[in-house]
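All remarks here apply to the structure that follows.
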Amino acid sequence: MIQLVDIRKSFGEVEVLKGISTTFDAGKCSLIIGSSGSGKTVLMKCMVGLFEVTSGKVMYGDNNFSEMSKAVRKPIRQEIGMLFQGSALFDSMTTEENVRFPLDMFTKLTTKEKENRVNMCLERVGLEGANEKYPSEISGGMMKRVGIARAIVLEPKYLFCDEPNSGLDPKTSIKIDQLITEITIENNITTIINTHDMNSVMEMGHQVTFLNQGLKEWEGSKDEILHSDNAFLNEFIFASKFLQELRKA
Amino acid sequence: MNSLYHLGKYVMMIGQIFSAPERWSMYYKETMRQMNDIGVGSLIIISVIALFIGAVTAVQFSYQLEMSFVPKYYIGYILRDSMIIELAPTLSALMLAGKVGSNIASELGSMRSSEQIDALDIMGVNTISYLVGPKIIAAMLMFPLLVILAAALGIFGGYIATLGSSIPPSDYIRGLSYWFVPFNVVMMLIKAVVFAFIVSSVSCYQGYYVKGGALEIAQASTRAVVNSSILILVSDFFLAKLLL
């Protein structure tokens with residue numbers, strides 16, 4: 001479980017996050033949605049420690065992550081997996097080396113054990129046999145899958161996904177969404193996903209948090225989102241003409 | 001004020017290199033990869049440049065000494081010492097600032113902009129120690145070897161230039177064996193190590209802290225080459241004052 005308590009983040013004079021409090025539960029996909037500039041990415045970067053919060057608490061279980069020093073954070077960091085918008089695979093490494101990297105760096109497993117674990121993760125994301133390919137040789141969807149495999153190889157308790165569907169076609173997007181949902185439920189992971197893709201919201205939004213200009217504007221589930229009377233949320237969800245027409249009908 | 005800010009940030013970056021590695025074997029592997037990139041990857045360019053610098057220097061000395069009473073074998077002696085004391089370490093370092101420096105800055109810059117450094121940070125890797133440390137160590141190990149090669153090839157280039165010229169090759173070889181001071185070789189190696197540190201650390205600093213995209217990476221790469229080149233020449237002067 002991750003708990004956010006009154007998170008504020010400023011860059012100079014500009015306050016980007018204006019006191020966000022919420023809880024993300026284990027075994028669920030929690031989505032953070034909002035338009036560009038609403039503070040989604042900053043919030044996620046605060047949660048994983050890439051940005052330090054100006055005030056407030058990020059709690060991983062009972063541990064106040066935001067007050068810990070870099071050294072004390074290390075064990076928690078190794079429980080975090082992250083899938084980046086652009087996958088962030090290491091260009092100089094093959095698919096297999098990318099997935100094996102966290103095992104090489106942080107575990108004392110034997111070569112055989114690492115090999116088995118890597119193959120298991122690649123198989124789980126549907127990439128068996130792609131071990132020797134470099135990131136430049138695979139498609140965007142495959143890169144996301146490798147990113148997921150790398151993120152889960154250390155069996156994380158927490159999984160962060162920043163815009164997992166950006167740049168993917170709708171069919172591949174749904175497959176990636178389903179994969180993240182399955183992995184979350186199978187391994188009881190606390191998964192937090194930044195997105196502005198409504199297909200993803202409807203596919204895996206166990207919990208949806210809507211941000212607007214640095215404030216938590218609305219929170220609920222995918223079943224409640226279409227019936228909300230929050231004006232900002234409705235403006236965001238029904239932005240396209242097609243959906244507006246559909247709503248009227 | 002801005003220069004002081006960058007100096008402080010640079011010193012702090014260097015300080016962070018010395019934190020304990022998460023796993024020595026991974027750092028060793030990365031250092032070997034960098035040694036291959038920096039050392040083996042620069043062999044051809046260093047060889048070609050050193051060979052021609054030696055040859056050109058021999059031809060020009062020969063021209064300058066033509067109407068004088070200075071014995072011809074002096075060309076070998078002057079060229080040997082010029083190559084060892086100055087040309088091999090300094091010109092090689094300037095060349096490597098262009099090749100290795102820009103490569104390091106753009107590699108780290110693109111890792112930053114494609115969030116690869118963030119990915120390492122989130123895993124709990126000390127990114128400065130893992131990404132910058134091996135590059136500096138590799139440069140400090142490979143530059144001296146490249147400079148020794150450059151000095152040897154430069155002297156050989158001088159010999160080739162004497163073939164078919166007015167200077168008898170035997171005179172050139174005779175000059176090479178005169179008044180050899182072993183300390184000059186030590187000085188060449190000291191210069192190579194200092195220049196290696198400058199090129200690698202300045203380039204790492206420029207690349208690691210890039211903000212933005214392709215344009216900023218290109219600018220960082222240019223700054224890495226320009227700043228390294230200036231610092232090489234400034235430190236060359238101080239090293240000469242200090243060591244000679």
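Chain A is the first sequence line, chain B the second, and so forth, proteins listed ahead of strands; every chain is numbered from 1. Since the model is a prediction, treat every value here as computed from it, not as a measurement.
Per-residue counts of heavy-atom pairs under 4.5 Å with chain A were compared for B:Met111, B:Met123, B:Lys29, B:Arg33; the largest is that of B:Met123. For the set A:Thr107, A:Ile80, A:Asp162, A:Val48, the entry with the most heavy-atom pairs within less than 4.5 Å of chain B is A:Thr107.
Inspection of the A:Thr23 and A:Asp25 side chains reveals no N or O donor paired with an N or O acceptor under 3.5 Å. A:Thr94 and A:Glu96 share no donor-acceptor pair across their side chains, judged by distance under 3.5 Å alone.
For a residue to count as touching a neighbouring chain, one of its non-hydrogen atoms must lie under 4.5 Å from one of that chain's; by this rule A:Ser92 touches chain B with the side chain only. In this structure, no portion of A:Leu154 lies under 4.5 Å from any heavy atom of chain B. Only the side chain of A:Arg150 comes within less than 4.5 Å of a heavy atom of chain B; its backbone N, CA, C and O stay farther away.
Here the side chain of B:Lys191 pairs a donor or acceptor atom with the backbone of B:Ile85 at under 3.5 angstrom.
Scanning both residues, B:Leu153 and B:Leu51, for their nearest heavy atoms gives O-CD1, 3.4 Å.
Annotation: cation-pi geometry not satisfied between B:Arg23 and A:Phe106 (NZ/CZ under 6.0 angstrom from ring centroid, within 45° of ring axis).
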